[in-house]
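Comments concern the structure below.
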Amino acid sequence: MSTWRKPLLAALPLCCAVAIAACGSSNSSSSSASTSSSSAPASTSTSASSSSGGSANSAVVALVPSALKSKGTLTVAADASYAPDEFIGSDGHTVVGMDADLAKALAAEMGLKANVVNATFATIIPGLAAGRYDMGASSFSDTLAREKTVDFVDYAHVGESFYTKGTGGVSIGSIADICGKTVSVESGTTEQADAKTQSAKCTKAGKPAVNVLVFNTQTEANLAVSSGRAQLGFADTPVALYQVKQSGGEFKIVGAAYATGPYGLAIPKNGLDKAVLAALQDLVKNGTYKSILAKWGLSGIAIPASQVKINGATS
């Protein structure tokens, strides 16, 4: 999973299509997280109804578990430090971004109201298992390991990329070249696991280990690169590209994108996955899905309705 973020740097939506080579919680959507916040794009409303997706779909509503129907609200967790996927809007507390808009559209299909709350990434899956959240929409890579705890409804195809300082940064061709380098990642992410796996490969080959710096938020991981504490940052490709674009030349992408795979909406093992799957397939068919991705410059990660599935991980 974030943003490059410098505290005073305003986040703007990508104007160009993203070329993808592959990818302490709060109890309120108005919670503030100053270390992981970013200004919302000036043209982007932070209203909870900005991308509701329209009226309820009766066929989808019929699939929603009765307990959730009675509650009437879909509580969605997102780590709001991962622009343009999810971040804090210009009002200082509302979670905005691609995943927030998608969650609201899905909730509308199910006849529910979405309450998108800011939560540290590593706490979301445990929070889903414990019943604190109904869904996680936070740039999750769908993996076999995560599927042991939660179900996923896959909704995009994404890889991972490295970035470094625009001037004085390091040069790599691929993940195989990070041996001996210091790499910053966010805790609980696929990038953390992949960097550590590569470190083991390095030492097995007689090369220096990777110095993996792990931070609670992607914002902190980005700041480690800008401060020179880390030589490389490692994040999902759309997030890394967005970060580089908004840095004004401070950062640049380096090396080839790595480990293409599915993004999935994380859901407790309670049957809600069937309703989310049906809702998402409808959003793909009626064009809402593509409109949301295009709004955030993420058209390149779109998948057809035929690839929207439950638990599509292969590794």
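Values reported hereafter were calculated over all heavy atoms of this structure, with side chains retained and with hydrogens, waters and symmetry mates removed. Owing to the predicted nature of the structure, the values given are computational and were not obtained by experimental measurement.
When atom types are taken as modelled, the side chain of Thr120 and the backbone of Thr123 share no donor-acceptor pair closer than 3.5 angstrom. When atom types are taken as modelled, the side chain of Ser184 and the backbone of Val225 share no donor-acceptor pair closer than 3.5 angstrom. Looking only at distances, a side-chain donor or acceptor of Tyr289 sits under 3.5 Å from a matching main-chain atom of Ile303. Judged purely by atom type and a 3.5 angstrom limit, Lys269 uses its side chain to pair as donor or acceptor with the backbone of Glu147. Within the 3.5 Å criterion, the main-chain N or O of Ile172 finds no donor-acceptor partner in the side chain of Asp177. Although no hydrogens or angles enter the test, the distance criterion places a donor-acceptor pair under 3.5 Å between the side chain of Thr164 and the main chain of Gln231. Under a 3.5 Å cut-off, the side chain of Asn118 and the backbone N or O of Ala80 do form a donor-acceptor pair. Remark: the backbone N or O of Phe162 is not paired with any side-chain donor or acceptor of Tyr258 at under 3.5 angstrom. Using a distance-only test at 3.5 Å, with no hydrogens or angles considered, no donor-acceptor pair links the side chain of Ser187 to the main chain of Phe215. Of the possible donor and acceptor atoms, none in the side chain of Ser161 sits under 3.5 Å from a partner among the backbone N and O of Thr237.
Here the closest heavy-atom approach between residue Leu272 and residue Leu74 is recorded as CD2-CD1, 4.0 Å. Considering all non-hydrogen atoms of both residues, Ala294 and Ser299 come closest at CA-OG, 3.5 Å. The shortest non-hydrogen separation linking Val153 to Ile310 is CG2-CG1, 4.2 Å. Here the closest non-hydrogen pair linking Pro268 and Tyr133 is CG-O, 3.8 Å. Contact record, Ala305 with Gln281: O-NE2, 4.3 Å, taken as the closest heavy-atom pair. Between Met110 and Val60, the shortest heavy-atom distance links the atoms CG-CG1, 3.5 Å.
Taking 4.5 Å as the limit, some side-chain heavy atom of Arg146 sits within range of a side-chain heavy atom of Thr190. The shortest distance between side-chain heavy atoms of Arg229 and Thr182 does not fall below 4.5 Å. For the pair Lys196/Val210, no side-chain contact is recorded, criterion being any heavy-atom separation below 4.5 Å from C-beta on. Residues Ile175 and Phe234 form a side-chain contact, since some pair of their non-hydrogen atoms from C-beta on lies under 4.5 Å apart. Using a 4.5 Å heavy-atom cutoff, the side chains of Tyr155 and Met98 are in contact.
Note: Phe251 and Tyr163 have perpendicular aromatic rings, judged against thresholds of 30 and 60 degrees for the angle between ring planes.
Hydrophobic clustering, with ILVMFWY side chains joined whenever heavy atoms are under 4.5 angstrom apart, keeps Leu232 apart from Leu213. If you chain together hydrophobic residues whose side chains sit under 4.5 Å apart, Ile292 and Phe87 fall into the same group.
Distance CG/Leu102 to OG1/Thr288: 10.0 Å, rounded to 0.5 Å. Note that NZ of Lys274 and CD1 of Ile267 are 10.0 Å apart. Values are rounded to the nearest 0.5 Å. Atom CG of Asp154 sits about 9.5 Å away from atom CD of Gln307, to the nearest 0.5 Å. For the atom pair CD of Gln246 and CG of Leu241, the computed distance is 11.5 Å after rounding to the nearest 0.5 Å. Distance OG/Ser58 to CD/Glu109: 10.0 Å, rounded to 0.5 Å. In this structure, CZ on Phe140 lies 4.0 Å from CD1 on Ile124, to the nearest 0.5 angstrom.
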Does Asp99 form a side-chain hydrogen bond (donor to acceptor under 3.5 Å, both in side chains) with Tyr263? I'd like the steps, not just the answer. CA-CA 11 Å; Asp99 277 328; Tyr263 261 180; over 6 Å; no
Step-by-step side-chain contact (heavy atoms from CB on, under 4.5 Å) determination, Leu106 to Met135: CA-CA 11 Å; Leu106 290 167; Met135 187 170 76; 4.2 Å; yes
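No hydrogens or angles considered: a donor-acceptor pair under 3.5 Å links the side chains of Asp85 and Ser139. Under the 3.5 Å distance criterion, with hydrogens and angles disregarded, no donor-acceptor pair is assigned to the side chains of Thr217 and Ser81.
For residues 149-192, every residue pair satisfying the disulfide (SG to SG under 2.5 Å) rule, not counting sequence neighbours, is listed here: Cys179-Cys202.
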Donor-acceptor pairs under 3.5 Å, side chain of residues 61-72 to any protein atom, not counting sequence neighbours: which ones?
{"from": "Lys69", "atom 1": "NZ", "to": "Val61", "atom 2": "O", "distance (Å)": "3.2"}
{"from": "Ser70", "atom 1": "OG", "to": "Ser66", "atom 2": "O", "distance (Å)": "3.1"}
{"from": "Lys71", "atom 1": "NZ", "to": "Asp134", "atom 2": "OD1", "distance (Å)": "3.1"}
{"from": "Lys71", "atom 1": "NZ", "to": "Asp134", "atom 2": "OD2", "distance (Å)": "2.6"}

